[in-house]
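The structure appears below as C-alpha cells.
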Amino acid sequence: MTQRAIRYGATEDEKALYLDLVKKHGSPLLVISREKLLQQYNTLKQQLPGVALYYAIKAFPYPAIIEILDKAGACFDVASAGEIDLLQAQHISGRRTIHTHPIKKDAEIRAALRGGSTTFVVDNIDELKKLLPYRQRIGVLLRVSFRSETTQIDLSRKFGCSPDSVIELVEQASALGAHIRGLSFHVGSQSTLPKAHVEAIERCSQIINDAAAINPNPMDILDIGGGFPVSYNFEDMDNEAYFTPIREAIKQYVPDGIRVIAEPGRYLIAPAVTAISSVSGKAKRGDYQWYYLDDGVYGSYSGQIFDHACYPLQILNDEAQREVAILAGPTCDSIDIIAEDIELPKLEEGDLVIGHMMGAYTYATSTQFNSLSGASIIVI
Amino acid sequence: MSDFFTETLYDPLGQSFRIDKLYYEQKTEHQHLMIFHNAFLGRVMTLDGVVQTTERDEFIYHEMMAHVPMFAHGNAKKVLIIGGGDGGMLREALRHKNVEQVTMVEIDGAVIEMSKQWLPNHSQGAFDDPRANIVIADGMDFVRETEMRFDVIISDSTDPIGPGEVLFSNDFYAQCKRILNPGGVMVTQNGVPFFQVDEVRNTAIRMSASFSDQTFYSAAVPTYYGGIMTFAWGSDESTLRTIDLDSLQQRYQQAGIETRYYTPEIHRASFALPRYVDIAIAEAKA
C-alpha cells in the first residue's frame with residue numbers, strides 16, 4: 001500500500017482560492033486548471049520533440065479538456081463511439097484520432113468510421129478479420145505486448161500480441177488486403193522507470209525493420225502508448241531524468257520515415273485537476289475520529305478503487321495537535337472510505353479537504369451511487 | 001483563415017473542401033449533417049464526414065440514377081425512391097411527364113427540411129409536386145410492409161457504413177423484388193469501385209439472389225472521387241438492360257427532358273464496365 005501524502009496548512013492565496021471557489025460553486029468540486037494542463041502538455045512536447053501527442057480521452061472525458069488540448073494542437077486517442085461523439089461535438093475531425101481499443105464489436109468499428117476515425121489497433125488475427133469488410137478504408141496498428149515489472153498497472157497482460165508473432169500477423173494482414181501502418185505498445189500505466197519504454201522502442205524498431213521485407217506498404221507509425229508517470233506525493237517529477245532515455249531511444253532506434261506518436265492520459269490531466277470536498281459530519285467511534293466528506297470513492301475518489309491511486313491530500317488547518325482519523329465518503333457503503341489511520345487536526349463541519357493530482361481516472365470512473373450527483377466540474 | 005472540410009472516408013488519403021460559409025451543422029438522431037458553401041462547388045452537403053452531394057455535380061448522379069432505369073423501362077407510372085432526402089432524385093423522376101406518383105421514403109425528416117432550406121436547387125420545388133408522396137420511415141420497414149407496387153425503385157442511400165447498411169442486404173433486395181411490378185427494375189447507388197470493390201462483390205452476390213438479370217452501370221461524379229461510381233441494376237426483365245439505342249432516343253425525345261449529363265448514348269455506354277469491375281463481379285458470382 002502506497003503511503004498517503006498529506007500536507008497540513010496552506011498559503012493565504014491557496015486558502016482564498018479554495019474558499020472562493022466553494023463560495024461560488026458549492027462543494028464538492030473538481031477544479032480543472034487550464035494553465036497546469038497546458039504546462040503538462042508543453043513539458044511533454046519539449047521532452048519528446050517530434051512526437052505527436054494523442055490525449056487518451058478516457059482519463060478524463062470532458063469537453064473543456066478536449067477544447068484546451070485541441071487548441072494546443074493535440075490529437076486524440078479514442079476507445080469508444082462515445083469518445084468520438086465528444087470530439088465531434090467540438091468539430092474535431094476524426095482525422096486527428098486513432099482508435100486504440102484492440103477488441104471491438106462490428107457496431108463499434110462502424111461508429112468509428114462514421115466519426116472519421118480510420119486508424120485502428122488490433123492484436124490478433126480474429127480482430128483483424130473483423131476489420132476486413134472495411135479494409136479499403138482503414139489503416140491498422142498492431143499492438144505488441146511487453147510485460148513490465150515497473151508499472152503500477154500492467155496493460156500488456158490483457159492486450160497485445162507477443163513480439164515474436166508480429167511478422168506472421170503482418171504477413172496474414174497483407175495476404176488479406178489490410179494495410180498495417182505500424183506498431184503500438186503500452187507498457188502500462190504509471191510506469192515509474194523509462195526502461196520499459198526504451199526496451200519496447202528498441203524491439204519495435206527492430207520488428208519494423210524486419211517487417212519492411214514482407215510488408216507491401218512501408219509502415220509509418222510507431223505508437224509508444226502512454227504510461228508516463230506523475231507524482232502522487234507532492235514531489236516534483238524529474239522529467240529530464242525520466243524522458244531523456246526515451247528521447248534517446250527514439251533517436252537511436254526508430255527507423256527513418258516512422259512517425260512516433262504517444263497516448264498520454266494521466267501525465268497530461270492528473271496534475272491539472274484538484275478536488276475540493278468539505279466535511280459534512282463527524283463522529284467519534286472507538287479510538288477513531290470519523291469525518292464524512294461530500295465526495296468519496298463512488299465519486300471523484302473512484303480512482304482509489306479502479307486506478308490503484310492514493311491521492312495526496314491537503315488540510316487547510318495546520319494545527320500541530322492531531323488525532324488519528326478516518327476520512328469517509330458520503331455514501332452508505334462501508335467501502336466508501338478515502339483514508340484511514342491518518343493524523344488530522346480537529347476539523348469542523350464545512351472545513352475543506354483538498355485532493356491533489358485528481359485528474360486521471362477520477363471523474364471518469366465515478367458513479368451516481370446513492371443518487372448522488374457528484375462533484376461539479378469547473379475550469380479556472 | 002478559412003476552415004477546410006477534409007473527408008474521412010479513407011485512412012491513407014482524403015479530399016479537402018474549403019468551407020467558405022457554413023450554413024448548417026447538426027448531429028441529428030441518425031447522423032451528423034453539414035451544409036456549407038464552396039466557391040467552386042456551390043453548396044455542399046456532408047454526412048458523417050463524407051461528401052453526399054454538391055450543387056455543381058449533383059446532376060450527374062441524379063440524372064443517371066433516375067433516367068437510366070426510367071428510360072429503360074419506358075413507361076414507369078409508379079416510382080419508389082428510398083432515401084434521397086435532398087430532393088434531387090425526386091426532381092429528376094418527376095420530370096417524366098407520364099409518371100403518376102413518386103413515393104419517396106426518407107428515414108430522417110430533418111434532412112428533408114434542411115435540404116429545402118439550404119439546398120433548394122436540389123429539389124427545385126419537387127416536394128410540392130402533387131405527384132410526390134413523401135413518407136418519413138425506415139426504408140427497410142417500408143419495403144417490407146407496403147402493399148404498393150412500383151415500376152422503378154431507386155435506392156439513393158448513404159454508404160453502407162452508416163444507417164444505410166440494411167439497404168445493401170439480401171432482405172432489402174428480396175423485398176424490393178416483391179413490390180416491383182412485372183417488368184420493373186431497381187437501381188441502387190453502389191460506391192466507387194476503385195476504392196470499394198468489395199461493395200460491388202457483395203451487391204453482385206446479394207442482388208443476384210433476387211433478380212435474374214443483375215449488373216452494374218457507371219458514371220463519373222467528380223466529388224465521389226476515385227473514377228467511376230457504380231449503380232447496381234436488378235430486374236427479371238433482361239430486355240430492359242439491352243434496350244437498343246433507337247428506342248432510347250425515341251423515348252428521350254418524346255419525354256422532352258433537358259439533361260446535362262444523360263444522353264441515350266451515355267445510357268448505352270454506361271453498362272460497359274472496366275475489366276477490374278467485370279472480374280470482381282465474375283469472381284463474386286462464381
Side-chain angles (χ1 to χ4, degrees), chain A residues 70 75-76 78 81-82 84-99 104-122 129-141 173 176-182 215-221 259, chain B residues 3-17 19 22 24-34 36 46-52 157-166 168-169 190-203 205-206 225-227 276 280 283:
Chain A
D70 172 40
C75 297
F76 298 91
V78 297
I84 294 171
D85 284 346
L86 275 175
L87 295 177
Q88 283 206 335
Q90 298 193 45
H91 313 287
I92 295 169
S93 171
R95 282 277 150 192
R96 288 169 56 202
T97 67
I98 54 169
H99 192 294
K104 295 169 283 292
K105 292 180 179 178
D106 182 59
E108 187 63 46
I109 299 168
R110 300 168 66 86
L113 287 173
R114 285 202 299 282
S117 191
T118 53
T119 303
F120 293 91
V121 172
V122 301
K129 282 179 180 167
K130 286 191 203 168
L131 293 172
L132 289 182
Y134 320 104
R135 63 188 166 184
Q136 284 147 318
R137 294 182 54 166
I138 61 161
V140 179
L141 301 180
L176 293 166
H179 173 209
I180 304 294
R181 284 189 71 179
N215 196 12
N217 295 294
M219 290 190 186
D220 74 321
I221 287 182
R259 181 170 166 258
Chain B
D3 279 342
F4 276 79
F5 165 79
T6 297
E7 214 174 39
T8 54
L9 200 45
Y10 312 114
D11 191 56
L13 64 169
Q15 56 179 348
S16 289
F17 300 75
I19 300 174
L22 181 62
Y24 184 77
E25 180 169 27
Q26 196 197 358
K27 280 201 83 161
T28 67
E29 188 184 342
H30 301 282
Q31 48 216 358
H32 176 211
L33 185 148
M34 188 155 76
F36 61 85
T46 66
L47 275 178
D48 297 333
V50 179
V51 170
Q52 300 298 304
S157 69
T158 57
D159 82 22
I161 303 296
E165 179 186 16
V166 69
F168 292 82
S169 67
N190 206 76
V192 174
F194 182 74
F195 288 121
Q196 296 165 339
V197 77
D198 284 351
E199 287 186 24
V200 169
R201 292 198 181 102
N202 292 337
T203 304
I205 296 168
R206 293 173 192 168
Y225 75 110
Y276 73 90
E283 283 173 355

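Numbers restart at 1 for each chain; the letters A, B, ... are given by sequence-line order, proteins then strands. As a basis for the values below, the full set of heavy atoms in this structure was taken, side chains included, without hydrogen atoms, waters or symmetry mates.
Screening B:Asp159, B:Asp198, B:Thr8 for a side-chain hydrogen bond (donor to acceptor under 3.5 Å, both in side chains) involving A:Arg137 leaves a single residue, B:Asp159.
You'll find the side chain of A:Val122 stays beyond 4.5 Å of the side chain of A:Lys130, heavy atoms only.
Residues passing the ring pair (Phe, Tyr, Trp, His ring centres under 6.0 Å) test with B:Phe36 are B:Phe5, sequence neighbours excluded. The ring pair (Phe, Tyr, Trp, His ring centres under 6.0 Å) check on A:Phe120 picks up A:His99, with sequence neighbours excluded.
The parts of A:Thr119 that come within reach of chain B are both its backbone and its side chain, each placing non-hydrogen atoms under 4.5 angstrom from that chain. Using a 4.5 Å cut-off between heavy atoms, A:His91 touches chain B through its side chain atoms alone. Neither the backbone nor the side chain of B:Glu199 comes within less than 4.5 Å of any heavy atom in chain A. With a threshold of 4.5 angstrom between heavy atoms, B:Asn202 does not approach chain A through any atom at all. Proximity to chain B is limited to the backbone of A:Leu132, based on heavy atoms less than 4.5 angstrom apart.
A salt bridge is absent between A:Arg259 and A:Asp220; no separation between the charged side-chain nitrogens and carboxylate oxygens falls under 4.0 Å.
The candidate from A:Asn217, A:Asp85, A:Ile109 with the greatest count of non-hydrogen atom pairs under 4.5 Å with chain B is A:Asp85.
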